[in-house]
Number of protein chains: 2
Amino acid sequence: VLETKELKKNYYIGRKIVVPALRGINLKIYEGEFVAILGPSGSGKTTLLNMLGLLDRPTSGKIYIDGVDVSNLNDNQLSEIRLRKIGFVFQYYNLVPILTALENVELPMTLAGVPKKERIRRAKDLLKAVGLEKFMDHKPNELSGGQQQRVAIARALANNPSIVLADEPTGNLDTQTSKEIIALMKRINIENGTTFVIVTHDVEVAQEAGRILQIRDGLLYEVRT
Amino acid sequence: VLETKELKKNYYIGRKIVVPALRGINLKIYEGEFVAILGPSGSGKTTLLNMLGLLDRPTSGKIYIDGVDVSNLNDNQLSEIRLRKIGFVFQYYNLVPILTALENVELPMTLAGVPKKERIRRAKDLLKAVGLEKFMDHKPNELSGGQQQRVAIARALANNPSIVLADEPTGNLDTQTSKEIIALMKRINIENGTTFVIVTHDVEVAQEAGRILQIRDGLLYEVRT
Ligand SMILES: Nc1ncnc2c1ncn2[C@@H]1O[C@H](COP(=O)(O)OP(=O)(O)OP(=O)(O)O)[C@@H](O)[C@H]1O
Ligand SMILES: Nc1ncnc2c1ncn2[C@@H]1O[C@H](COP(=O)(O)OP(=O)(O)OP(=O)(O)O)[C@@H](O)[C@H]1O
Ligand SMILES: [Mg+2]
Ligand SMILES: [Mg+2]
């Protein structure tokens with residue numbers, strides 16, 4: 001469902017300095033897998049996830065989603081895939097500051113044309129599932145760090161995507177809340193066959209994964225299948 | 001060095017909803033201690049740290065820094081204490097986006113009137129101590145999450161504060177980098193007698209603490225001395 005070939009990404013600072021964040025990544029992720037990606041700070045995890053989530057373009061190399069080479073798609077087609085197929089949990093949540101928690105979770109459904117009654121019902125269910133039923137009308141700056149993170153997780157699940165890419169989804173959660181979030185993702189993975197690719201430092205998340213990939217200095221290693 | 005009496009903080013949403021984030025906190029932290037504060041997401045940890053760091057005012061109750069009741073101080077005196085006495089690591093770093101990593105660490109020293117040559121030398125030493133000597137001229141948006149977090153830690157240490165308040169300083173770091181940061185803080189605590197109060201979900205940090213305080217629903221419990 002997700003594949004890359006010799007994926008490379010360079011960042012440029014000024015004109016001289018090149019940061020080779022990804023140095024040739026070859027990845028194959030099959031439908032319904034629950035994969036964890038671990039690696040040191042600065043090793044390229046967010047960069048890789050941004051490529052897979054079609055949020056940024058590689059310097060070179062290929063990305064295939066469901067076997068389709070994404071470099072052949074135009075911007076409209078890419079944003080359709082991002083809206084309906086991929087749920088993305090950002091490392092820093094990227095919630096819309098002027099919207100409440102409920103409205104933030106509704107937003108992807110609004111963009112996908114889901115009728116109002118249904119999207120409110122679904123947004124409430126998702127916020128309940130992440131333990132935030134009492135905080136639906138808080139804006140992001142009226143929520144704690146971990147609460148914002150959970151709104152971002154609920155939002156990523158809004159359109160029932162076939163692939164969820166999560167960048168450190170439990171970084172700001174205590175152990176108990178972390179376990180509840182991992183259990184929720186695992187349940188969706190088993191019940192809906194949703195593919196999960198989770199960047200994490202949390203050993204508890206890695207233990208739930210069917211496969212662990214390690215990234216170091218922009219290169220990928222498989223740890224366990 | 002830090003004391004609170006019946007500290008309370010209410011947040012208000014619109015006019016009706018009151019969120020009692022802190023419901024009467026009594027805390028005593030002695031000079032040179034290394035204290036960890038644990039607790040579930042949304043329990044009031046950031047709110048408490050913001051009170052201790054004089055970044056926000058309580059609804060009621062007292063705060064004493066070095067025995068001085070801070071409610072008797074004017075804004076100038078408060079900002080002097082914040083600049084010279086307290087180093088604060090924010091949960092979301094709060095780095096200045098237009099400055100490089102080096103300039104961000106220099107900033108507190110610039111405000112405190114430290115000569116340019118000395119503040120550049122010290123800023124470089126601190127960035128080296130957190131493993132970022134190769135990223136000094138990156139701006140925050142040219143750094144990974146964990147790299148930004150480490151710049152924020154280096155910045156909090158810039159003026160050699162007597163108290164460091166850190167809000168989840170290892171949330172976005174892998175285990176190895178986390179250990180290096182904890183070791184750095186422990187070293188500064190032992191060598192300089194700096195008091196550390198660290199909000200964390202990381203068991204590794206809690207294990208290094210001399211004392212663990214638990215916060216739940218806005219109230220404080222002591223776990224181990
Ligand atoms: N500005 C605000 N307005 C309204 N409610 C707020 C505001 N800031 C925080 N809260 C609420 O106060 C409670 C405590 O928040 P706080 O940020 O202190 O929690 P925390 O322990 O740091 O959580 P986390 O571990 O998730 O960062 C939460 O329930 C949150 O929703
Ligand atoms: N916009 C950018 N410009 C320049 N360099 C960048 C940019 N974004 C990231 N980098 C660099 O690319 C490397 C990889 O960054 P990335 O954010 O992918 O790391 P990461 O594995 O997610 O780290 P963390 O676990 O700390 O979040 C880092 O060394 C970082 O400094
Ligand atoms: Mg990252
Ligand atoms: Mg917090």
Side-chain angles (χ1 to χ4, degrees), chain A residues 11-14 16-17 19 21 37-47 49-50 90-93 100-101 130-132 134-150 167-168 170-178 180-181 199-204 206 214-216, chain B residues 11-14 16-17 19 21 37-47 49-50 90-93 100-101 130-132 134-150 167-168 170-178 180-181 199-204 206 214-216:
Chain A
Y11 291 114
Y12 300 92
I13 297 192
K16 278 175 294 175
I17 305 176
V19 181
I37 298 182
L38 277 68
S41 171
S43 53
K45 303 180 297 296
T46 293
T47 303
L49 228 58
N50 288 350
F90 293 85
Q91 192 164 358
Y92 294 106
Y93 323 152
T100 65
V130 296
L132 292 178
K134 288 199 193 103
F135 297 92
M136 295 199 183
D137 46 9
H138 284 229
K139 295 208 178 86
N141 69 340
E142 294 169 341
L143 290 169
S144 78
Q147 290 171 336
Q148 292 175 39
Q149 189 158 39
R150 286 179 278 161
D167 201 342
E168 312 241 8
T170 61
N172 267 293
L173 300 177
D174 58 288
T175 315
Q176 181 52 36
T177 311
S178 223
E180 287 162 17
I181 292 297
V199 162
T200 185
H201 295 314
D202 190 337
V203 181
E204 305 247 348
Q214 278 268 356
I215 190 168
R216 247 192 327 272
Chain B
Y11 292 115
Y12 299 91
I13 297 192
K16 278 175 297 179
I17 305 177
V19 181
I37 298 182
L38 277 67
S41 172
S43 54
K45 303 179 298 296
T46 293
T47 304
L49 229 58
N50 288 350
F90 292 85
Q91 193 165 356
Y92 294 106
Y93 324 149
T100 65
V130 296
L132 291 178
K134 289 197 193 103
F135 297 92
M136 296 202 182
D137 46 8
H138 285 228
K139 295 208 178 88
N141 69 342
E142 294 169 339
L143 289 169
S144 79
Q147 289 171 338
Q148 292 175 42
Q149 188 157 42
R150 285 180 280 161
D167 200 343
E168 312 242 9
T170 61
N172 267 295
L173 300 178
D174 58 288
T175 314
Q176 181 52 39
T177 311
S178 227
E180 288 162 16
I181 292 296
V199 162
T200 185
H201 294 313
D202 190 336
V203 183
E204 306 247 348
Q214 277 266 356
I215 190 167
R216 242 187 338 263

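Below, read A as the first sequence line, B as the second, and so on, with proteins coming before strands; counting in each chain starts at 1.
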**Message:** For the CD atom of B:Gln91 and the CG atom of B:Asn50, what is their distance to the nearest 0.5 Å?
**Reply:** 9.5 Å
**Request:** Under the side chain to side chain contact (heavy atoms under 4.5 Å, CB included) rule, what do A:Leu173 and A:Arg150 come out as? Steps first, then yes or no, please.
**Result:** CA-CA 9 Å; A:Leu173 300 177; A:Arg150 286 179 278 161; 3.9 Å; yes
**Smallest separation among heavy atoms of B:Gly39 and A:Asp174, with atom names** = O-CB, 3.7 Å
**Fill in**
Contact list (residues 135-142 of chain B to chain A, heavy-atom gap under 4.5 Å, by number) returns B:Asp137, B:His138, B:Glu142
**Request:** Name the region of A:Ile17, side chain, backbone, both or neither, that has any atom closer than 4.5 Å to a heavy atom of chain B.
**Result:** side chain
**Prompt:** With a 4.5 angstrom heavy-atom cut-off, which part of A:Ser144 approaches chain B: side chain, backbone, both or neither?
**Reply:** side chain
**B:Thr46 versus chain A, the contacting section by heavy-atom distance below 4.5 Å** = neither
**Request:** With a 4.5 angstrom heavy-atom cut-off, could you sort out which part of A:Gln176 is near chain B: side chain, backbone, both or neither?
**Result:** neither
**Asked** Are the side chain of A:Gln148 and the backbone of A:Leu143 linked by a donor-acceptor contact shorter than 3.5 Å?
**Response** yes
**Complete:** d(B:Thr170 OG1, B:Ile181 CD1) to nearest 0.5 Å is 9.0 Å
**Prompt:** So which of A:Gly44, A:Ser41, A:Ala21 has the biggest tally of heavy-atom pairs under 4.5 Å with chain B?
**Reply:** A:Ser41
**Item:** From CA spacing to verdict: side chain to side chain contact (heavy atoms under 4.5 Å, CB included), B:Thr200, B:Leu38
**Value:** CA-CA 6 Å; B:Thr200 185; B:Leu38 277 67; 3.9 Å; yes
**Request:** Mind ranking A:Thr175, A:Asn172, A:Ile13 by heavy-atom pairs under 4.5 Å with chain B and telling me who comes out on top?
**Result:** A:Asn172
**Message:** Can you tell me which of A:Glu168, A:Lys45, A:Gln149 forms the most heavy-atom pairs within a distance under 4.5 Å of chain B?
**Reply:** A:Glu168
**Item:** Side chain, backbone, both or neither of A:Phe90 within contact of chain B (heavy atoms, under 4.5 Å)
**Value:** neither
